[in-house]
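Chain naming here is simple, since letters A, B, ... match the order of the sequence lines and numbering starts at 1 in each.
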Amino acid sequence: MFPKGTKRKFSDSREEPVAGGEDVNQSNLAAVRMLSSYSLQRQSLLDMSLIKLQLCHMLVEPNLCRSVLIANTVRQIQEEMTQDGTWQIMTQALSAANAAAQGSADRLVATEVLCRQTEAAQGEQVPKPFPVVGSEGCPAEEVAAAEVGMTMSTVSPQAPTSYLPGTFGMDPCWEEETGEDDDDEEDSEECGSGSEGEERERDSLVEDTRTAEQVFGTFEIKNPAPSPDPALEELFSDVDASYYDLDTVLTGMQSVPKMGPYDLLESLSSHGPSPLSSSTSCRSDLNELDHIMEIIVGS
Amino acid sequence: MEEESVTRKINNSFLRDHNYATEADIISTVEFNPSGELLATGDKGGRVVVFQREQETKSEPQRRGEYNVYSTFQSHDPEFDYLKSLEIEEKINKIRWLPQQNAAYFLLSTNDKTVKLWKISERDRRPDGYNLKDEDGRIRDPSTITSLRVPVLQNTDLMVEATARRVFSNAHTYHINSISVNSDLQTYISTDDLRVNLWNLEITDQSFNIVDIKPCNMEDLTEVITAAEFHPQQCNTLAYSSSRGSVRLCDMRKQALCDTHCKFFEEPEDPSTRSFFSEIISSISDIKFSHSGRFLMTRDYLTVKVWDLNMETRPVQTYQVHDYLRGKLCSLYENDCIFDKFECVWNGSDSVIMTGSYNNFFRMFDRNTKKDVTLEASRENSKPRAILKPRKVCVGGKRRKDEVTVDSLDFSKKILHSAWHPQENIIAVAASNNLYIFQDKVT
């Protein structure tokens, strides 16, 4: 059982000063801060919500009301974490962990990509490794990353995710990625498949294209929350606000193969980033079929 | 408020005596007809069972008004949507009766996608003596017919047959959650997560969309429609509730598409109780107009609220159904119970409201005396014709005898569906696959 929900305590989330949050030395403190009980509860709630959303894709008939409510909860947590600054710290730590561990694929805190399926992208693109973000990383950062590694990997069920950029080093890469987005945007409107096996993948993918539409955009972070800390603001001043836009984020991650649900469950038990699963075939035709069918039923 | 006394279990093929509940037998809707003579239940297996109240007899006054099975039929079958490769469940989501206008009874039943109008009629005669068919129905060889006769109506045993008179299909992309018959008795609405469609009962190939909250970009979807109902007297007025805890009243005379509401009922959130679950528990699971048409009742996860249609800012009454669950919301979120959709009902005079809870408990609130009671629908705790004992949930401190602690509540036993007789104090309560009918104490 998870601990019962408690009211947000302002003091909990403000234990440590967040000045210069990008400072490597801070990430260690940040990890400690995150272990505070409120943050833990919030994190576990986020994990639970993501699992629920992912599992809902496996159901025969996903309940739209339930999905929307869970998605709204996830967005609420996301917004709060973004305001806290823990969002950036987590993604940065995760990217460092990934860079250190694999030096290849990217992983976004996958709330945003929950319903994304990389079908379109799979066959086309090779995962582009981002530059090692943690170039200025130090053991302290990796330690922090390792500590949050478990929680991070739980938050990234579906593969193709792009970074919520937390460092300057990301920016040039990001720009490149977004260039090829528009073509794939429609293809990327697929829901992450919860398929359990190869043989079921087809069925669930078709379901997922429908559920994607339903749950799809509900994780959009429309605008970055205003940072209360002027130092942070200065730090992020040249981070394009569009990074927070779901579309940009999602289309930027076409290159990363998706992770199946068992990978997610494995990653929950493991303490490191999960291995990437193999890509699935392109499902753009299913998306078109879905689109056509929508027209037919006059929705 | 009167004591509810006589416990009735319907022992027939509909109810099982097994300890386990067959999934298909789980009751998904309960509804009295406008006269109270008939009671319909729908289940997950797509069946509708209609009970009829026995006529009162002088010889057995204690058996006043028992409900017995009148008709059973398969309303909906499981379907497969080939375009989407999705199964369509046959579970009956709602049943609504039409007022009786002739000897037959009519009801609307719906699953996720299709609404059907059923005619339930009695037949106690059949024609006999056909020329071209023999008694078994086999076609006779014309060469063997030597004389003509006129078929004669013979009395037979009473047969109740249900026939589907209309099938209203292909109008909903999302799952239908409500149907409501208009007071004009010619039209009705069917509501799914994002749209409300208006139908004429006679026309099955056409429906009018009157409310559409689907955003252009599904990414922007944050709110769905959870229930809708026509006003009981004003045929132009309907109300629909949302997952964000608001109710909108629409007037169909204003414009064809009622996306803009006439009235908007929403209570401002109490900041002191705000949590991550605030939105989920504010989602309205059921709305019901009072019989008078002056009030509207809404059910969200923890409360029942009564609204005066003339006041949009806040409800006139709020009743706590099971506030002791407020501290367990995280666990209830984990096991999905927080998404349970409880219904609520008015009694005939709008003085008492009733709704369900967990552990097979259901609650009644008297709006005049402000008293409330918790009762339990279970075989173990109530014998036939015994007076129901009020139950109590212990919220803290020392547990008294017969009290139930919050931790020992069985969350798999939930009373989501119930109905109140339109005139008398008879209630029907569905507890998974069992139907309980309670009546006033017989004096």
Side-chain angles (χ1 to χ4, degrees), chain A residues 1-8 41-42 44-46 48-49 51-52 60-77 80 115 189 202-207 209-220 222 246-247 250 286 289-290 292-294 296-299, chain B residues 78 80-89 91 112-113 170-175 177 192-195 209 212 214-215 217-226 242-244 271-283 285 326-336 338-339 341:
Chain A
M1 278 298 189
F2 288 94
K4 61 182 182 183
T6 57
K7 286 191 282 194
R8 175 180 186 174
Q41 284 174 15
R42 183 175 62 184
S44 67
L45 185 61
L46 181 65
M48 213 195 314
S49 307
I51 294 172
K52 277 184 189 302
V60 172
E61 295 273 34
N63 186 336
L64 183 63
C65 182
R66 177 176 173 270
S67 305
V68 166
L69 288 173
I70 297 174
N72 288 349
T73 307
V74 167
R75 188 189 302 135
Q76 195 186 339
I77 297 175
E80 196 180 286
C115 290
E189 284 182 21
R202 187 179 300 272
D203 296 335
S204 52
L205 279 173
V206 183
E207 296 161 23
T209 55
R210 195 176 75 91
T211 55
E213 188 200 348
Q214 293 168 355
V215 194
F216 168 59
T218 54
F219 309 106
E220 185 174 13
K222 294 200 198 287
L246 183 58
D247 276 353
L250 285 166
L286 273 174
L289 183 64
D290 191 48
I292 292 166
M293 193 222 37
E294 278 248 281
I296 290 172
V297 298
S299 59
Chain B
F80 193 77
D81 182 339
Y82 294 99
L83 280 182
K84 293 184 184 174
S85 290
L86 285 171
E87 275 188 24
I88 300 172
E89 278 190 343
K91 173 168 77 95
D112 284 337
K113 296 288 185 185
N170 296 325
H172 287 280
T173 311
Y174 304 98
H175 294 176
N177 52 52
D192 66 26
D193 293 316
L194 298 177
R195 299 189 177 96
N209 175 246
D212 189 341
K214 183 180 178 193
N217 190 354
M218 280 298 276
E219 290 183 24
D220 302 331
L221 181 65
T222 56
E223 191 175 11
V224 299
I225 301 175
T226 51
S242 82
S243 58
R244 288 211 140 173
S272 68
T273 57
R274 173 142 184 78
S275 73
F276 285 118
F277 307 107
S278 295
E279 185 183 325
I280 299 180
I281 63 170
S282 72
S283 172
S285 53
R326 199 178 282 275
K328 295 188 124 275
L329 291 179
C330 198
S331 313
L332 293 166
Y333 180 71
E334 188 192 359
N335 62 16
D336 269 7
I338 207 173
F339 301 107
K341 294 188 191 292

*Asks:* Can you tell which part of B:D336 gets under 4.5 Å to a heavy atom of chain A, answering side chain, backbone, both or neither?
*Replies:*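 Both the backbone and the side chain of B:D336 come within 4.5 Å of chain A.
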
*Asks:* Which pair of heavy atoms, one from B:E219 and one from A:R75, lies closest together, and at what distance?
*Replies:*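 It is O-NH2, 4.5 Å.
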
*Asks:* With a 4.5 angstrom heavy-atom cut-off, is it the side chain or the backbone of B:S278 that approaches chain A, or both, or neither?
*Replies:* neither

*Asks:* Between OG of B:S283 and CZ of A:R66, what distance do you get to the nearest 0.5 Å?
*Replies:* 13.0 Å

*Asks:* Write down the atom of A:K52, the atom of B:E334, and the distance for their closest heavy-atom approach.
*Replies:* NZ-O, 2.9 Å

*Asks:* Quick check: closest heavy atoms across A:M48 and B:Y333, and the distance to 0.1 Å?
*Replies:* SD-CD2, 3.8 Å

*Asks:* Pick one of side chain, backbone, both or neither for B:L194, based on which atoms fall under 4.5 Å of a heavy atom in chain A.
*Replies:*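 Contact with chain A: side chain only.
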
*Asks:* If you count every heavy atom of other residues, nucleotides or ligands that lies below 6.0 Å from B:F80 atom CZ, does the total exceed 12?
*Replies:* yes

*Asks:* Examine whether an atom of B:S243 lies under 4.5 Å from a heavy atom of chain A, and if so say whether it belongs to the side chain, the backbone or both; otherwise answer neither.
*Replies:*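 Contact with chain A involves both backbone and side-chain atoms of B:S243.
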
*Asks:* For a quick test of reading the model, state the closest non-hydrogen atom pair linking B:K341 to A:C65 and the distance between them.
*Replies:*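 Taking B:K341 first and A:C65 second, the nearest heavy atoms are NZ-SG, 3.5 Å.
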
*Asks:* Is there side-chain contact between B:L221 and A:L64, with heavy atoms separated by less than 4.5 Å?
*Replies:*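 With C-beta onward as the side chain, the pair touches.
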
*Asks:* In Å, rounded to the nearest 0.5 Å, how long is the span from CG of B:D193 to CG of A:N63?
*Replies:* 6.5 Å

*Asks:* Is the shortest side-chain heavy-atom distance between A:E80 and B:F276 below 4.5 Å?
*Replies:*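 Heavy-atom side-chain distance check passes, below 4.5 Å.
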
*Asks:* Could you check if a side-chain atom of A:T73 sits within less than 4.5 angstrom of a side-chain atom of B:E279, using non-hydrogen atoms only?
*Replies:* no

